[in-house]
Amino acid sequence: MRKLQNIMITGGCGFIGSNFIHYLFGHSTSGNEAFTDSNFSGKVINVDSLTYAGNAENLKDIDEAFGNGCQDKSKQRYFFEQVDICDRKEIERVMSQYDIDTIIHFAAESHVDRSILGPETFLKTNIMGTYTLLDVAKNYWKCSLDNIRDDVLFHHISTDEVYGSLGETGYFMETTAYDPRSPYSASKASSDHIVMAYHHTYGLPITLSNCTNNYGPYQFPEKLIPLMVLNMKEDKALPVYGDGKNIRDWIYVEDHNRAVWQIVKNGKTGDKYNIGGENEWTNIQLIDRLIEIVTNLTGKSEAKIRNTIKYIKDRPGHDKRYAIDCSKIKTELEWERMMSFEEGLLCI
């Protein structure tokens, strides 16, 4: 039985990771008490190198309540380690120092545009960083095909982008063949394969999840929703790739994290689960809705904001449509999306 007591969260100061840590400690970043049901009582060790997208301030309240601000250090449950996941010696130290029994691997370079301009960082972090974590975990937990363990776990967070692009119909399933189209998605596809290889070759107990587009609090403003909202508030141009008709499926970050926790607790070892919002929007439809929300909240002129929409040259390899079939996790683990898109947009 999985211990789930000393959990290493990689990339815990980033967008999804920091929301997940809040969830574990019963703090909802949306203010919705329905998202505070983790019932976790162990320790969290947040490993983050604090790149541009990582912000320790995202977890200031957690650190004050459960970390450095905890007056009784014997009851401290949150620990932060500024460590690069590619640094093998430091990862070995953290594993040993905290006797890690669970790794939930969020850390990744994830912005497609940046991967096109500079793929090397993506290959290093997403492939070699994942390899380092896997190999250290295998050795520390003494995993092998002759020593199958069920008390430890490595959970890998991945993306639906590894599957490539869909046409007007159909959905990505767990059995969909990989067909990545960008350096980012190719690096994540590679890390997925390495995770599975460590399970089949070395007996490392793993689970893996592929999720659609997330949105919510603490998201770095290079991604579509926070970028557009910020630009609207600051009267800046709203850049739209191509004709704006690329389709994405959106899920609120706390719904994603609830799914991850269900997989970590109850998912089948060696299995993968797709997580989706069943909530498809074209980019231009989404921007139109964001304009309506921002004008209602700020009193800005809707017509003036719409005039700032600027169609720009499409990016290379731009996938047309993503859509997830999440029936497996709904059926096997009884997970359901709880936050409606309209409600979630008001929480960003």
Side-chain angles (χ1 to χ4, degrees), residues 10-11 13-17 47-54 84-88 105-135 155-167 172 174 176-198 206 208-215 219-228 239-251 256 272 274-276 283 312-324:
T10 69
C13 291
F15 163 45
I16 305 178
V47 171
D48 197 303
S49 63
L50 295 181
T51 63
Y52 75 95
D84 188 327
I85 59 172
C86 293
D87 188 333
R88 187 182 186 97
H105 179 31
F106 289 94
E109 295 287 343
S110 64
H111 194 231
V112 175
D113 289 359
R114 288 179 183 268
S115 81
I116 293 171
L117 295 172
E120 184 176 354
T121 300
F122 287 73
L123 303 182
K124 179 182 178 183
T125 299
N126 297 351
I127 299 175
M128 293 306 298
T130 301
Y131 155 72
T132 301
L133 291 166
L134 288 165
D135 206 54
H155 180 74
H156 181 60
I157 309 292
S158 191
T159 171
D160 59 355
E161 296 189 41
V162 299
Y163 297 123
S165 183
L166 288 167
F172 296 134
E174 285 83 359
T176 300
Y178 279 26
D179 187 22
R181 307 294 183 90
S182 71
Y184 161 60
S185 57
S187 68
K188 290 299 290 183
S190 178
S191 66
D192 288 8
H193 290 314
I194 296 169
V195 169
M196 284 298 185
Y198 262 70
I206 66 94
L208 191 154
S209 56
N210 296 84
C211 191
T212 191
N213 283 37
N214 279 232
Y215 71 101
Q219 189 167 28
F220 192 77
E222 65 183 357
K223 300 299 178 75
L224 180 64
I225 290 178
L227 174 65
M228 292 298 161
V240 180
Y241 280 125
D243 59 7
K245 294 182 179 179
N246 298 75
I247 297 172
R248 297 294 181 262
D249 174 32
W250 293 90
I251 187 171
H256 176 197
K272 64 181 296 187
N274 281 351
I275 305 169
N283 289 342
I312 60 177
K313 182 180 179 181
D314 208 356
R315 72 183 179 206
H318 196 179
D319 294 330
K320 185 65 178 177
R321 173 174 170 257
Y322 302 147
I324 285 280

Between Leu134 and Val195, is a side-chain contact (heavy atoms from CB on, under 4.5 Å) present by the stated rule, with each step listed?
CA-CA 7 Å; Leu134 288 165; Val195 169; 3.9 Å; yes
Looking just at side-chain N and O atoms, do Asp135 and Tyr198 make a donor-acceptor pair shorter than 3.5 Å?
yes
State, to 0.1 Å, how close [X] and [Y] come at their nearest heavy-atom pair, and which atoms those are.
| X | Y | answer |
| --- | --- | --- |
| Ser209 | His155 | OG-NE2, 3.0 Å |
| Ile85 | Ala107 | CD1-CB, 4.1 Å |
| Gly276 | Thr212 | CA-CG2, 3.8 Å |
| Tyr215 | Phe15 | C-CZ, 3.6 Å |
| Pro239 | Ile312 | CB-CD1, 3.9 Å |
| Val162 | Ala189 | CG1-N, 3.5 Å |

Classify the ring geometry between His256 and Phe106 as parallel (under 30°), tilted (30 to 60°) or perpendicular (over 60°).
perpendicular
Parallel, tilted or perpendicular: ring planes of His105 versus His156, cut at 30 and 60 degrees
tilted
With a 6.0 Å cut-off (strictly less than), is the heavy-atom count around NZ of Lys245, excluding the residue itself, greater than 12?
no
Any side-chain heavy atom of Arg88 sitting closer than 4.5 Å to one from Tyr131?
yes
Decide yes or no for Pro183 and Phe122: does some side-chain heavy atom of the first lie under 4.5 Å from some side-chain heavy atom of the second?
no
Whether the side chain of [X] engages the backbone of [Y] through a donor-acceptor N/O pair (distance < 3.5 Å, no angle test) should be reported.
| X | Y | value |
| --- | --- | --- |
| Arg321 | Gly167 | yes |
| Asn214 | Ile251 | no |
| Lys188 | Ile157 | yes |
| Ser187 | Tyr184 | yes |
| Asp48 | Cys13 | yes |
| Glu174 | Asn274 | yes |
| Asn126 | Glu109 | yes |

Apply the test side-chain hydrogen bond (donor to acceptor under 3.5 Å, both in side chains) to residues Asp192 and Asn210: give CA-CA distance (whole Å), side-chain angles for both, the deciding distance (0.1 Å), then the verdict.
CA-CA 9 Å; Asp192 288 8; Asn210 296 84; 3.2 Å; yes
Which is it for Phe220 and Thr51 under the side-chain contact (heavy atoms from CB on, under 4.5 Å) test, yes or no, and what are the steps along the way?
CA-CA 11 Å; Phe220 192 77; Thr51 63; over 6 Å; no
Just how far is it from atom [atom1] of [X] to atom [atom2] of [Y], taken to the nearest 0.5 Å?
| X | Y | atom1 | atom2 | answer |
| --- | --- | --- | --- | --- |
| Leu166 | Thr176 | CG | OG1 | 7.5 Å |
| Met128 | Ser190 | CE | OG | 10.0 Å |
| Ile206 | Ile194 | CD1 | CD1 | 12.5 Å |
| Tyr163 | Asp179 | OH | CG | 12.5 Å |
| Asp249 | Ile275 | CG | CD1 | 11.5 Å |
| Leu224 | Asn213 | CG | CG | 8.5 Å |

If you take the centroid of each ring, where Trp contributes its six-membered ring, are Tyr178 and His193 closer together than 6.0 Å?
yes
Both conditions, 6.0 Å and 45 degrees, for the charged tip of Arg114 above the ring of Tyr52: are they met here?
yes
